[in-house]
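Single-structure report; data block below.
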Amino acid sequence: MKKHLLLYVVVALFIFPKIYGQQSDFSLNLNEPLEFKHESLLLPTFLIASGAFGIRKGPIRDLSVEIRESLKPDGSKVTVDDYLPAVGIASAYGLEFTGYKGRYDWKNKTGVLLVSGLFMYSSVRITKNNISARRPSGRSVSTFPSGHTALTFMGAEFLHQEYGHRSIWFSIGGYSIATLTGFLRIYNDKHWFNDVLAGAGIGILSTKLGYWLYPMIKNIIFKDKNKVEYSSQSKKSYTIQFAPIVKNNELQLGAYIQF
């Protein structure tokens with residue numbers, strides 16, 4: 001039991017150093033080209049890949065089973081994890097409306113959040129629909145990835161990007177809530193450990209893509225263009241095109257990126 005909880009803490013502590021090192025990932029000026037940093041994808045990619053490897057038999061799957069058995073599941077134990085996903089997002093808006101300014105004003109915050117949320121929801125829903133992995137309780141086959149965890153980590157990264165440069169405690173608070181949510185999803189027998197890892201990665205990645213793509217989408221809408229070309233500091237050219245996609249009665253955002 002102790003070694004499993006220790007592993008979970010190690011994963012959380014692996015996240016925090018990444019937070020500290022990414023304080024300036026995104027420009028505050030919507031009118032300037034946004035440099036995409038490939039290294040910012042390392043953490044979410046690692047989490048998603050680790051979670052995916054846990055779907056089938058292997059070390060991560062075995063660990064997920066051991067963690068569940070050590071927690072002695074007997075059905076739902078607490079319900080606070082149903083409400084925690086809103087904490088990070090609500091905190092960012094609450095700070096904004098009390099006069100504590102973040103990176104963007106509330107309108108642009110909302111724009112970033114819409115882009116992030118669309119990517120997160122589409123990713124989670126499509127994956128759940130195509131990977132019939134059974135929940136640890138056996139009640140359904142929609143366990144992978146954890147949607148609650150994805151939403152909470154999306155909110156934690158959102159709070160970090162908006163206010164992490166003002167105080168590191170906003171980042172620590174947001175990610176602590178997100179980590180607690182992931183643990184409670186396992187504790188309540190709603191998800192396997194690997195479901196939570198993948199959900200965390202999707203949530204973080206969704207917000208990062210939201211901050212990267214939103215300025216370009218805004219530029220497209222207000223300049224009545226369907227393509228944006230710009231150069232980063234390394235003089236590499238990027239071409240980006242967007243199009244709405246409706247699939248199985250779900251609205252998704254399609255993006256074509258040429259480097």
Side-chain angles (χ1 to χ4, degrees), residues 1-16 43-44 46-56 60-91 116-117 119-159 172-207:
M1 175 65 177
K2 291 182 178 180
K3 68 178 182 180
H4 296 149
L5 293 179
L6 177 61
L7 175 63
Y8 201 79
V9 171
V10 169
V11 172
L13 292 178
F14 177 75
I15 290 173
F16 287 130
L43 174 61
F46 168 80
L47 293 172
I48 294 171
S50 298
F53 282 125
I55 297 176
R56 304 301 179 188
I60 298 179
R61 182 64 175 180
D62 293 341
L63 177 60
S64 295
V65 173
E66 290 179 15
I67 291 175
R68 178 178 184 264
E69 292 176 348
S70 68
L71 293 175
K72 297 179 174 58
D74 57 0
S76 183
K77 300 175 182 178
V78 294
T79 60
V80 68
D81 52 318
D82 288 328
Y83 306 99
L84 291 177
V87 172
I89 296 172
S91 298
S116 302
F119 181 86
M120 185 277 296
Y121 177 81
S122 298
S123 300
V124 170
R125 187 50 48 192
I126 291 172
T127 305
K128 282 181 178 289
N129 290 342
N130 288 278
I131 299 180
S132 298
R134 189 167 295 278
R135 292 183 184 273
S137 62
R139 295 176 181 175
S140 67
V141 289
S142 58
T143 188
F144 184 86
S146 170
H148 282 69
T149 306
L151 179 57
T152 313
F153 272 87
M154 185 186 82
E157 180 67 15
F158 181 65
L159 181 63
I172 293 175
Y175 269 90
S176 295
I177 293 294
T179 302
L180 175 62
T181 302
F183 173 75
L184 290 177
R185 298 306 288 172
I186 301 171
Y187 181 75
N188 287 332
D189 210 26
K190 301 294 186 181
H191 286 285
W192 301 99
F193 178 63
N194 66 290
D195 301 336
V196 168
L197 288 179
I202 291 173
I204 296 170
L205 178 62
S206 297
T207 298

Less than 4.5 Å apart, side chain to side chain, heavy atoms only: is that true for Leu84 and Leu184? yes
Rounding to 0.5 Å, atoms CZ (Arg61) and CH2 (Trp192) come to a distance of 5.0 Å
Is there a side chain to side chain contact (heavy atoms under 4.5 Å, CB included) between Phe144 and Thr127 once you walk through the steps? CA-CA 7 Å; Phe144 184 86; Thr127 305; 3.7 Å; yes
Using atom types as modelled and distance alone, determine if a side-chain donor or acceptor of Asn188 lies under 3.5 Å from a backbone N or O of Val78. yes
So, applying side-chain contact (heavy atoms from CB on, under 4.5 Å) with Phe119, which one of Ser116, Ser123, Ser122 is it? Ser123
What distance separates Ile186 CD1 from Arg68 CZ, expressed to the nearest 0.5 Å? 11.5 Å
What distance do Ser137 atom OG and His191 atom NE2 have between them, rounded to the nearest 0.5 Å? 9.5 Å
What's the spacing between Leu63 CG and Ile67 CD1 if we round to 0.5 Å? 4.0 Å
Under 3.5 Å side-chain donor-acceptor pair for Thr143 and Asp195: yes
Working for side chain to side chain contact (heavy atoms under 4.5 Å, CB included), residues Thr179 and Phe153: CA-CA 8 Å; Thr179 302; Phe153 272 87; 4.1 Å; yes
Could you list the residues that satisfy salt bridge (Lys or Arg N to Asp or Glu O under 4.0 Å) with Asp82, not counting sequence neighbours? Arg185
My understanding is that only residues two or more places apart in sequence, or in another chain, count here; which of them pass side-chain contact (heavy atoms from CB on, under 4.5 Å) with Ile48? Ile202, Leu205
Looking only at atom types and distance, does a side-chain atom of Thr149 sit under 3.5 Å from a main-chain N or O of Val196, one as donor and one as acceptor? no
Determine whether Ile204 and Tyr175 satisfy the following criterion, side chain to side chain contact (heavy atoms under 4.5 Å, CB included), listing intermediate values before the conclusion. CA-CA 10 Å; Ile204 296 170; Tyr175 269 90; 3.5 Å; yes
